[in-house]
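Read the structure below first, then the notes.
Position 1 is the first residue of the sequence, and the numbers go up from there.
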Amino acid sequence: MIPKVFQEVIDLDDGRSISIETGKLAKQADGSVVVKMGDAMLLATAVSARTANPGVDFLPLTVDYREKFAAAGRFPGGFFKREARPSDSEVLTMRLVDRVLRPLFPDDYHAETQVMIQLMSHDENVMPDALAGLAASACLAVSDIPFYNLISEVRVGRVDGKLIINPSKEQLEVSDLDMMIGASDDSVCMVEGEMKEISEAEMIEAIKFAHEAIKIQIKAQERLRASVGSPAYREYEGDKSDEAVYTKVKAASYDKYYAVAQEASAKSERGEKFAQIKEEVKALFSEEEYAENPDLAELVSKYIYKTQKEAVRNVVLEKGIRLDGRKTTEIRPIWSEVDYLPSAHGSAIFTRGETQALATVTLGTSREANIIDLPSEQGEERFYLHYNFPPFSTGEAKPLRGTSRREVGHGNLAQRALKNMIPADCPYTIRIVSEVLESNGSSSMATVCSGTLALMDAGVQMVKPVSGIAMGLITDGEKFAVLSDILGDEDHLGDMDFKVTGTADGITACQMDIKIDGLRYDIMEQALEQARDGRLHILGKIVETIAAPNATVKPKAPKIITVTIPGNFIGALIGPGGKVIQELQKATGTTIVINEVDEQGVVEILGTSPEGIDTVLAKIDSIIFKPQIGESYEVKVVKMLDFGAVVEYTKAPGNEVLLHVSELAWERTEKPSDVVNMGDVFMVKYLGIDPKTRKEKVSRKQLLPRPPREEKKDDKKENPQG
């Protein structure tokens, strides 16, 4: 018997709706729901351990999102016909959900928690990542897991000036913004997206529009929880506390931390001083005390961190002084350099304070495009960016375990910041790689800046240069300070990480994470305005280094020429078994790529040698050359035969035709060598296809003066008057 199903429906006010149901699937999970929009269906489950593992002082939350190929009626690619590791797109969706959920769990909840979301049915008109946040929160809502502050996420687009919730792919293609917003009922928690140079006011408008839609979705979750009659939230063992220990730790360390925080020191120096204070505080407690109280060491460490955080934040709020001595609106010193790597197609170093990124640009053909093969999306990217964050960038020695979710997310943000500034007619596939060499705050924004510099150094004709800045926030609920160009410690100890990128004319991308409950819109507006000032300051530094893209690519960088040929000549250019194109590439040192588009052949020729490219172009001209009847063409004799000469068109080398001996001259010709020789160049007239031989026919004599006809002697005698 099918169990009782509980359902709530969310009306999007445009004929579309979203349904949330529970009670049918995955009933052994603590909470499970199916979210449906159109034919798209997502299953989300939540399970949390009943107790926390010993010594764990954080929330071990795992958010997993997967798209099953069967959902779209497709087979997975590759040799093993099953889903493997998550794609970058799936990882980005996991991050979007995780960043909203994590801050809203209770601070003292440390039980292993897993939220799993999977696409079970795909609809071409529905983008499933926009439903993942709703699904995650809804499965928590119908569970007893202590997640008290429900959330949802929506995508916002804007078409013809009208904002749209969860637009389709077609709508998104013509939209001038693509933003994902995550929020609780009372505050925005997360913003991420790309825009086509919109203003700060337009961005705020889109966020507010999204928030209103999210409130409706949260109300639906609350109704679902009530109708199901979900059990009361489970009880759990929170953090241990000891007020006496906290008082002792704070009394011994607060003033010291406060003094260091206002000294304006470098990261390493400050770290050493903080570490020294920590050791001094630990030494205040005897070995006997540690032995008698097994939790004491953990409590001391927790209260040391709490005291340090409070002292640093109060220095900012009370004195307006930051850890490195800057004012709240001040940007760290910047220096940058282009053309640093002689063999790269484009390269740049961007250094801001103690954060440094080295970016390289590589130019290629469409063959180097990044192929996207997902159940919900197929296609390719002709511009993509990879971000690497090695442990030495923070002075640490850590094992390398492949590309992290953080690296995928930061690289995607920088890619979205730059991609709309790549001209639509750029013939290259472009790959940027950012190597973070030093990190103390906002290496992703340094990646945007170094990427801009490297693109201009490579000769990519960017529409406009792009810069980026990370903003922070310190607030005690009443007073607040918005910080421009945050340090790593300010990110760690602060309440907000708000990254904004853009040109001089508008925002191109953003990413915001809020670590507190409730962010007023007036604070967000101030952060955006302050970010604009900082962004323009950084942009000015970029332009000082390189004012405009180089006019041409570098000598070692490949040049690319794109030509279009009739589709029926593609086979001739490729040749039997690829013989023609392979030999041509080998002889010219070029790479030739042919794509068929609208029954035409789009040929990309990539090479560093202009002569090689010219040779390929000449060969293409030769292959597609088609003489017109009655037209005259210059030819060169390439072979002598008994019955004529083989000539090739000089404008189409390799394109040969027989010039029969009878077409060499008006006079009777016994041997072709009586008239022409090897290597001779002259003009011929194209006569079309000979109806007798069914072969092409050309004539030399047709372009020569025709001699007068000789009169017969008998005629002259009979008619002397002529």
Side-chain angles (χ1 to χ4, degrees), residues 35 37 40-45 61-101 114-136 153 155 166 168-169 172-173 178 180 182 190 192-194 366-389 400-419 429-434 444 447 509 511:
V35 172
M37 181 175 176
M41 297 174 67
L42 279 75
L43 170 66
T45 60
L61 171 67
T62 301
V63 175
D64 191 84
Y65 171 82
R66 302 297 175 101
E67 296 185 354
K68 306 298 183 179
F69 277 84
R74 298 181 57 228
F75 286 89
F79 184 78
F80 298 103
K81 295 300 180 183
R82 69 176 299 158
E83 288 81 0
R85 67 179 184 85
S87 66
D88 283 0
S89 177
E90 289 168 318
V91 167
L92 292 169
T93 303
M94 295 175 199
R95 280 175 52 84
L96 286 173
V97 177
D98 184 296
R99 285 159 45 202
V100 186
L101 293 183
Q114 188 175 55
V115 176
M116 297 187 67
I117 311 155
Q118 57 179 292
L119 176 67
M120 299 192 303
S121 176
H122 178 54
D123 185 329
E124 283 294 328
N125 297 313
V126 178
M127 301 184 71
D129 58 343
L131 303 174
L134 169 62
E153 293 179 350
R155 170 177 272 110
N166 293 352
S168 65
K169 285 183 182 177
L172 209 55
E173 286 176 0
D178 174 7
M180 289 286 288
M190 185 279 301
E192 179 157 333
E194 64 184 76
S366 58
R367 188 180 294 168
E368 281 71 50
N370 185 32
I371 305 300
I372 299 171
D373 183 25
L374 299 170
S376 61
E377 183 182 3
Q378 297 86 46
E380 61 181 30
E381 291 177 324
R382 292 289 296 269
F383 172 76
Y384 50 98
L385 186 151
H386 293 148
Y387 165 102
N388 297 317
F389 191 86
L400 301 175
R401 303 192 186 280
T403 306
S404 68
R405 289 187 179 188
R406 178 181 178 277
E407 287 172 305
V408 172
H410 280 32
N412 178 258
L413 174 62
Q415 177 177 323
R416 299 177 85 180
L418 295 169
K419 76 174 190 179
T429 291
I430 303 171
R431 179 185 184 230
I432 298 179
V433 178
S434 172
S444 63
T447 293
Q511 183 184 89

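At a threshold of 4.5 Å between non-hydrogen side-chain atoms, the residues Val97 and Val115 do not count as touching. Residues Leu413 and Thr447 have side chains not in contact (no heavy-atom distance under 4.5 Å, counting atoms from C-beta outward). With a 4.5 Å cut-off on side-chain heavy atoms, Glu377 and Met127 do not count as touching. The shortest distance between side-chain heavy atoms of Lys419 and Glu381 does not fall below 4.5 Å. Contact check for Ile117 versus Thr93: no side-chain heavy atoms found under the 4.5 Å cut-off. In this structure the side chain of Glu153 reaches within 4.5 angstrom of the side chain of Leu96, judged on heavy atoms. Between Glu192 and Asn412 there is a side-chain heavy-atom pair separated by less than 4.5 Å. Considering only heavy atoms from C-beta on, Thr403 stays 4.5 Å or farther from Val91 through its side chain.
Rounding to the nearest 0.5 angstrom, the gap separating the CG atom in Leu43 from the CD atom in Gln118 is 5.0 Å. If you take CE on Met94 and CG on Asp64, they are separated by 4.0 Å, rounding to the nearest 0.5 Å. How far CD of Glu368 is from CZ of Arg382: 9.0 Å, rounded to the nearest 0.5 Å. How far CG of Asp123 is from OG of Ser376: 11.5 Å, rounded to the nearest 0.5 Å. To the nearest 0.5 Å, the span separating CG on Asn125 from CG on Asn166 amounts to 13.0 Å. To the nearest 0.5 Å, atom CZ of residue Arg155 and atom CG of residue Leu131 are 9.5 Å apart.
Shown here for Glu67 and Pro375, the closest heavy-atom pair between the two residues is O-CG, 3.5 Å. The heavy-atom pair separating Arg416 from Ala509 by the smallest distance is C-CB, 4.2 Å. Nearest heavy atom pair, residue Ala135 against residue Ala44, reads O-CB, 3.4 Å. Smallest separation of non-hydrogen atoms from Gly182 and Val100: CA-CG2, 4.0 Å. Closest approach of Ser444 and Ala414 over heavy atoms only: O-CB, 4.3 Å. Here the shortest heavy-atom pairing between Arg405 and Arg95 reads O-CD, 3.2 Å.
Counting only distance, with no hydrogens or angles, the side chain of Asn370 and the backbone of Glu380 share no donor-acceptor pair below 3.5 Å. With Glu83 contributing its side chain and Pro76 its backbone, the two residues share no donor-acceptor pair below 3.5 Å. Between the side chain of Gln415 and the main chain of Leu385, a donor-acceptor pair closer than 3.5 Å is present.
Screening Ile430, Thr429, Asp88 for a side-chain contact (heavy atoms from CB on, under 4.5 Å) involving Tyr384 leaves a single residue, Thr429. When each of Ile372, Leu374, Leu92 is checked for a side-chain contact (heavy atoms from CB on, under 4.5 Å) with Ser87, only Leu374 meets the rule.
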(request) Under the side-chain contact (heavy atoms from CB on, under 4.5 Å) rule, what do Tyr65 and Asp98 come out as? Steps first, then yes or no, please. (result) CA-CA 10 Å; Tyr65 171 82; Asp98 184 296; over 6 Å; no
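Between Phe389 and Tyr387, the two ring planes are parallel [angle under 30°; tilted spans 30° to 60°].
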